[in-house]
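The sequence lines fix the lettering, A, B, ..., with proteins before strands; numbering per chain opens at 1.
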Amino acid sequence: MSTRGTLTIDPEKCKGCELCLAACPPDVLTMSSELNSVGYRYPILHDGCTGCTACSLVCPDHVFEVYRFPRSRT
Amino acid sequence: MTAAATPELTLMEGAAAIGEAAILAGCRFFAGYPMSPFTPLLEHLAEALPAAGGTCINCESEIEGVNMALGAASTGARAATGSCGQGIALMQEAIAEAALNETPMVVFNLARNQQDYFQATRGGGWGDYRTITLAPKDVPEAIEHTQLLFHLSDLHRAPTMLYGDPLLAQTRVGVRLEKLDFGPLPPKDWELDGTRGGTGQSRQVWTWAMGKATDPGPGPDLHWQNIAAKFAAINEIEQRSESAHCEDADTVVVAFGSAALFVEHVVAELRAEGHRVGWFRPITLWPFPGPALEEATRSARRVLVYELNGGQMIDDVRQYAHDRSAIRFIGGVSIHESGLSYGPLLDAPVIRERILAALPEGDPR
Amino acid sequence: MQNMASTPTDGRPDEFAVRLAGIGGQGIQLIGKTLALAATRAGRHAMLAADYGGEMRGGPSNASVVVGPPVAEAPRLRSLPVLPAFHAAIVANHRFTGVVPERLVPGAVLLLNSSVVDPAGAGEGYQVTAVPATRLAAELGVPQAGGFVLLGAFIALVPLVSEESLVEAMTSLLPAYRRQHAEGNARALRAGIETVAGVAA
Amino acid sequence: MTTESTIERGPVVPTGTAPLGLTPVASTSPLLLGEHSLCPGCGEPVALRILLETLQELGIVQRTIGVVGHGCYGSFVRIMDIDVLQCLHGRAPSCATGIKRMRPDVATFTLQGDGDMVNEGLQEVLHTAARGENVTAILLNNGVFGDTGGQQTATTVVGQRTKTSLEGRDAAVHGHPIPVADLVASLDGVGYVGRGTVGTAGGVLRTKKMIRTAFESQLAGEGFSLVEILTMCPTGWFVTAPQGPDYMASSMEEVYPLGDLRPRTKGTT
């Protein structure tokens with residue numbers, strides 16, 4: 001799986017709804033075992049992000065920022 | 001702890017207890033629209049009323065709900081609706097209509113935030129009408145008032161109102177649910193049952209009371225004079241209030257609803273500490289128990305009005321208190337951060353502080 | 001200005017007030033109802049005053065429970081629905097109330113859900129007990145039953161009512177479409193009792 | 001809850017700081033001034049975000065007035081950086097009419113839930129549409145009164161459990177749901193009606209396009225436009241947040257099919 005992008009994830013904004021996990025086409029998001037300060041688990045990113053923005057599209061709480069690497073880096 | 005002793009009390013949320021009391025009183029129609037903190041009453045009746053052979057409709061808005069209840073009541077059934085704040089405002093037209101076409105029904109106003117005394121007692125409808133309004137201070141009294149209101153509605157052929165609030169609706173306490181009997185009622189010889197068409201004796205429920213061509217009614221002029229006279233008579237006979245420690249009190253605190261429960265608690269404590277303080281509670285917001293207040297404040301040099309609003313009941317206190325110059329307002333607007341309940345002013349230590357601040361230095365001597 | 005209660009150190013007051021604090025979805029209102037119902041069925045005066053905002057999940061969810069004297073011994077509760085003093089508190093989440101809810105009398109029992117709440121923040125002056133309720137419930141396979149772990153721990157600390165009466169009350173409170181949680185809630189309750197009583201099953 | 005998936009995944013990637021020199025292709029809308037307080041898994045904040053992004057992309061942020069009804073989305077009034085009138089329950093289309101008649105050059109939209117538009121304010125939305133008022137109504141349809149704890153509304157589908165239909169909505173007792181978007185689409189005076197969902201990433205993109213089409217229809221003076229957006233309410237549906245999108249697809253999308261119910265005739269969709 002070629003990594004063509006990445007994310008920033010703000011664990012404190014997350015409410016643990018997990019909608020991003022199902023929406024992620026390459027299935028590279030899983031939930032943390034730690035809890036954020038409110039007591040919710042939050043998504044962590046594995047290798048293979050394509051920068052497709054699906055996670056940020058479905059996220060109700062603005063947890064994600066999505067970046068795409070310039071073509072030459074792959 | 002052995003197996004549970006047969007509990008004499010049943011733990012019930014205020015809104016549910018009111019719903020059960022309505023069923024005990026024979027209410028068989030209820031329509032309501034969700035609005036906190038009234039919603040739990042609708043939710044309870046949505047489940048319990050059909051089981052008791054009645055109908056409960058989660059209506060599309062308050063205007064339709066109160067008119068559904070009016071329709072149901074015109075057939076002679078015991079019917080009710082309810083809401084709070086803006087929802088009760090939407091119902092005013094139909095409450096006035098029911099007063100003027102003499103249709104009995106009960107409106108459950110489980111108010112939120114401010115104490116809507118003006119809305120309940122002055123109403124916003126049309127014509128010369130008033131609304132008998134009972135304001136219980138706790139859940140057991142709400143169970144009694146609910147059944148009494150269905151009785152008073154039928155007795156006087158008029159809509160009546162229970163004035164509750166978020167504490168009454170959302171607090172759970174142990175209660176006894178007993179059916180109360182308030183005595184005989186006149187027959188409903190006016191109810192519509194659909195059987196009198198073509199008989200020349202067909203009936204009508206109509207604020208104009210024009211009657212039929214063959215049997216003219218009083219018409220709006222005389223009919224509305226009769227209604228006005230009716231409410232003047234109700235004003236004399238249906239006043240209710242409660243008070244304590246007023247005989248020798250030089251300070252009397254006036255409050256209604258849940259707020260009065262707090263005032264009662266604080267005054268008992270101040271009395272124990274030697275302060276000559278009493279309290280007076282209107283149980284009927286309309287008709288306002290004016291003469292009883294005048295009597296209770298006879299020896300008072302200070303009449304402290306405690307309400308959770310900008311000062312509304314104080315207008316009626318000014319009309320009747322023995323010495324108007326003794327009146328002081330110690331309440332105020334106080335809203336919970338959610339915008340759905342009372343704020344920090346409804347609290348025993350705060351009330352205590354405000355009463356003490358109104359007493360002269362060195363009280364008790 | 002107490003609700004006629006002495007501090008808990010010299011024997012329990014006749015009207016014992018508990019503050020429950022957490023966020024919507026932790027079962028605060030359900031454990032409050034369960035405790036109040038168990039006390040009522042044991043023939044006592046009891047009250048639950050709910051204090052929550054608009055949101056059902058994630059918003060502030062607080063409750064005050066008063067367990068009073070037997071019905072035969074008193075006509076009614078003296079305590080008001082807004083209480084000036086609490087003799088114990090259960091903090092499932094401190095986001096909206098802080099680690100020590102307001103009006104906790106000195107020496108009060110303070111039970112904290114250490115999975116989320118940092119016990120160090122409790123300071124002195126209270127009988128602090130920390131129970132990792134969220135983790136324990138997850139380990140039992142009933143993640144939504146953290147509240148009952150706390151309720152079990154609480155009655156082990158302050159035996160206001162019996163475990164049996166709580167299980168029975170909880171079961172009767174669950175609507176039909178949630179009855180499948182009764183067994184798990186009961187296990188969570190037992191786990192809570194054991195963490196405090198230190199008694200093996 | 002997620003079970004530990006068996007798929008072999010690559011190593012965890014740090015996501016604490018943005019990669020140097022790159023601008024994000026997707027990030028929080030600058031028109032959001034703070035956080036909302038809605039339940040985990042709620043679909044309404046997603047609808048708000050694509051609405052704000054559309055206003056930005058159309059360049060009309062300084063030429064827009066919103067009229068917001070009553071519901072959970074009421075918490076957006078505080079955080080959307082748009083001129084807004086918080087109106088009475090159900091009355092948004094009427095207030096929007098008054099606003100648009102006084103300021104015809106200002107893009108005017110309502111933001112309402114199903115309880116607000118299809119219960120309290122059904123009369124308002126139908127008359128406003130039939131009058132051909134040049135405003136855009138956004139309907140957030142989750143089939144329950146979320147703000148009061150999940151009671152049945154006019155759009156609750158048959159069989160759906162709510163606090164006032166605990167055994168599931170029964171048409172014989174509770175009547176049938178009202179597909180308001182279809183009613184509006186049948187009226188003359190309407191420029192565009194579409195129904196979308198925020199349950200999937202693709203759905204979000206298609207819905208955003210519908211919102212854009214509706215505003216373009218308004219700006220071209222083609223009359224009333226409505227975008228109905230199916231939004232998840234796991235709390236009100238007695239499901240967990242992850243189950244929201246699938247539950248919505250299986251229950252509501254059956255009764256409320258997605259797509260353009262009334263394509264623009266004059267302009268291009």
S.K.: Could you tell me which portion of D:T23 (side chain, backbone, both or neither) has an atom closer than 4.5 angstrom to a non-hydrogen atom of chain A?
M.R.: backbone
S.K.: Where does A:A22 contact chain D at under 4.5 Å (heavy atoms): side chain, backbone, both or neither?
M.R.: neither
S.K.: Measuring heavy-atom distances to chain D, does A:T6 have an atom under 4.5 Å in its side chain, in its backbone, in both, or in neither?
M.R.: side chain
S.K.: Between chain A and each of D:A47, D:A241, D:P40, count heavy-atom pairs under 4.5 Å; write down the option with the most.
M.R.: D:P40
S.K.: Side chain from CB out, backbone as N, CA, C, O: work out which of these in D:L205 comes under 4.5 Å of a heavy atom of chain A, or both, or neither.
M.R.: side chain
S.K.: Can you tell me if A:K15 uses its side chain to pair, donor with acceptor, with the backbone of D:C42 under 3.5 Å?
M.R.: no
S.K.: With a 4.5 angstrom heavy-atom cut-off, could you sort out which part of D:L48 is near chain A: side chain, backbone, both or neither?
M.R.: neither
S.K.: I'd like to know if the side chain of D:R49 reaches the main chain of A:L57, judged simply by a donor and an acceptor atom lying under 3.5 Å from each other, with no hydrogens or angles considered.
M.R.: yes
S.K.: Tell me the closest heavy-atom pair linking A:T53 and D:A26, and the distance in Å.
M.R.: CG2-CB, 3.9 Å
S.K.: Quick check: closest heavy atoms across A:C17 and D:G41, and the distance to 0.1 Å?
M.R.: CB-N, 3.2 Å
S.K.: Measuring heavy-atom distances to chain A, does D:T207 have an atom under 4.5 Å in its side chain, in its backbone, in both, or in neither?
M.R.: neither
S.K.: Looking at D:D246, D:V204, D:L22, which has the largest count of heavy-atom pairs under 4.5 Å with chain A?
M.R.: D:L22
S.K.: So which heavy atom on D:V12 is nearest to which on A:H46, and how close?
M.R.: CG2-CE1, 3.9 Å
S.K.: Which region of A:I9, side chain (C-beta onward) or backbone (N, CA, C, O), has a non-hydrogen atom less than 4.5 Å from a non-hydrogen atom of chain D, or is it both or neither?
M.R.: both
S.K.: Testing the basics here: between A:V28 and D:R9, what is the closest heavy-atom pair and its distance to 0.1 Å?
M.R.: CA-NE, 4.1 Å
S.K.: Heavy atoms only, distances under 4.5 angstrom: which of A:V58, A:D61, A:L45, A:I44 has the most pairs with chain D? Name it, please.
M.R.: A:L45
S.K.: Please report the closest heavy-atom contact between D:P24 and A:Y67, naming both atoms and the distance.
M.R.: N-CE2, 3.4 Å
S.K.: If only atom types and distance count, is the side chain of D:H36 paired as donor or acceptor with the main-chain N or O of A:P60 below 3.5 Å?
M.R.: yes
S.K.: Select one option (side chain, backbone, both, neither) describing which atoms of D:T200 are under 4.5 Å from chain A's heavy atoms.
M.R.: backbone
S.K.: Count the heavy-atom pairs under 4.5 Å between each of D:G203, D:P45, D:P19, D:G244 and chain A, then report the option with the highest count.
M.R.: D:P19
S.K.: Quick check on the interface: out of D:G202, D:S27, D:G16, who has the most heavy-atom pairs with chain A under 4.5 Å?
M.R.: D:S27
S.K.: Which bit of A:C59 comes within less than 4.5 Å of chain D, counting heavy atoms only: side chain, backbone, both or neither?
M.R.: backbone
